[in-house]
Amino acid sequence: MSDCLFCRIVRGEIPSRKAYEDDLVYAFHDINPARPVHVLVVPKRHIGSLAEVGEADAPVLGRMLEVASRIATEQGSPDGFRVIINTGRIGQQEVGHLHAHIVGGPEPVGPMLKRI
Ligand code: 5GP
Ligand code: ZN
């Protein structure tokens, strides 16, 4: 998956505004933020979507959620946030590398977002 957009961001071939990084995940600010806080958390290893995960992916999936909480607080959404994982055609996923959107900010994010 060398030409995958988010694989290239993880490798630093495409610049991104990093929010967090460890051995399993990379987090960076969305290029087109929908809310004051809008960070994407991705597994460093390519996984196409949430529809493709298996039992072996449980550690990285757990890590994604664990860091989501920390990142949201650090980035300015200490009173709550929303995590969204668009998946496949029906979920209107646009980038084919699993990613969790963390959205928040000082104000409530509103009703379930139609499109993020
Ligand atoms: P999806 O629709 O697949 O759930 O979300 C893809 C997200 O990736 C969108 O919110 C979009 O703004 C973001 N995105 C697409 N290309 C880039 C990029 O090159 N850099 C960053 N930081 N975000 C991107
Ligand atoms: Zn990828």
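Counting convention: from 1, in listed order, for ligands and their atoms alike.
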Could you tell me whether a side-chain N or O of R63 sits under 3.5 Å from a main-chain N or O of D23, the two making a donor and an acceptor?
no
Could you identify the N, O or S atom of H46 positioned closest to the Zn ion (ligand 2)?
ND1
Using the ring of each side chain (for Trp, its six-membered ring), is H38 parallel, tilted or perpendicular to H101, with breaks at 30° and 60°?
tilted
Given SG of C4 on one side and SG of C7 on the other, what angle do they make at the Zn ion (ligand 2), to 10°?
120°
Would one find an N or O of I9, backbone or side chain, under 3.5 Å from an N or O of ligand 1?
no
Ignoring hydrogens and geometry, is there a side-chain-to-backbone donor-acceptor pair from S69 to L65 under 3.5 Å?
no
Below 4.0 Å, non-hydrogen atoms only: which portion of I84 touches ligand 1? Side chain, backbone, both or neither.
neither
Considering residues at least two apart in sequence or located in another chain, which fulfil the salt bridge (charged side-chain N to carboxylate O under 4.0 Å, His left out) criterion with D57?
R45
Could you list which atoms of ligand 1 come closer than 4.0 Å to a heavy atom of F6?
8 (O)
Minimum heavy-atom distance between G104 and V109, given as atom pair plus value:
CA-CG1, 3.8 Å
Ligand 1 and I31, any nitrogen or oxygen pair closer than 3.5 angstrom?
yes
Flag yes if V103 and I85 sit in one hydrophobic cluster, no otherwise; membership is Ile, Leu, Val, Met, Phe, Trp, Tyr, and two members link when side-chain heavy atoms are under 4.5 Å apart.
no
Of all N/O/S atoms in H97, the name of the one nearest the Zn ion (ligand 2)
ND1
Taking a cutoff of less than 4.0 Å between a non-hydrogen atom of the residue and any ligand atom, is R17 in contact with ligand 1?
no
Subset of ligand 1 atoms that lie under 4.0 Å from at least one heavy atom of H101
1 (P), 4 (O), 5 (O), 7 (C), 10 (O)
Check for a donor-acceptor pair, side chain of Q75 on one end and backbone N or O of G105 on the other, with a separation under 3.5 Å.
no
Evaluate L50 against L98 for side-chain contact (heavy atoms from CB on, under 4.5 Å), listing each step before the verdict.
CA-CA 6 Å; L50 194 62; L98 173 64; 4.1 Å; yes
When you measure from the side chain of Q93 to the backbone N and O of G88, does any donor-acceptor pair fall under 3.5 Å?
yes
For Q92, counting its heavy atoms only, list the atoms of ligand 1 lying under 4.0 Å from any of them.
2 (O)
Which ligand 1 atoms are under 4.0 Å away from a heavy-atom of Q93?
3 (O)
If you take the nearest heavy atom of each of N32, D30, I85, I14, which one is closest to atom 11 (C) of ligand 1?
D30
Those residues at least two apart in sequence (or on a different chain) that pass salt bridge (charged side-chain N to carboxylate O under 4.0 Å, His left out) with E74 are none
Can you find an N/O atom of H99 closer than 3.5 Å to an N/O atom of ligand 1?
yes
Mark up the atoms of ligand 1 that fall under 4.0 Å of a heavy atom belonging to F28, in ascending order.
21 (C), 22 (N)
Test of proximity, N86 against ligand 1: N or O pairs below 3.5 Å
yes
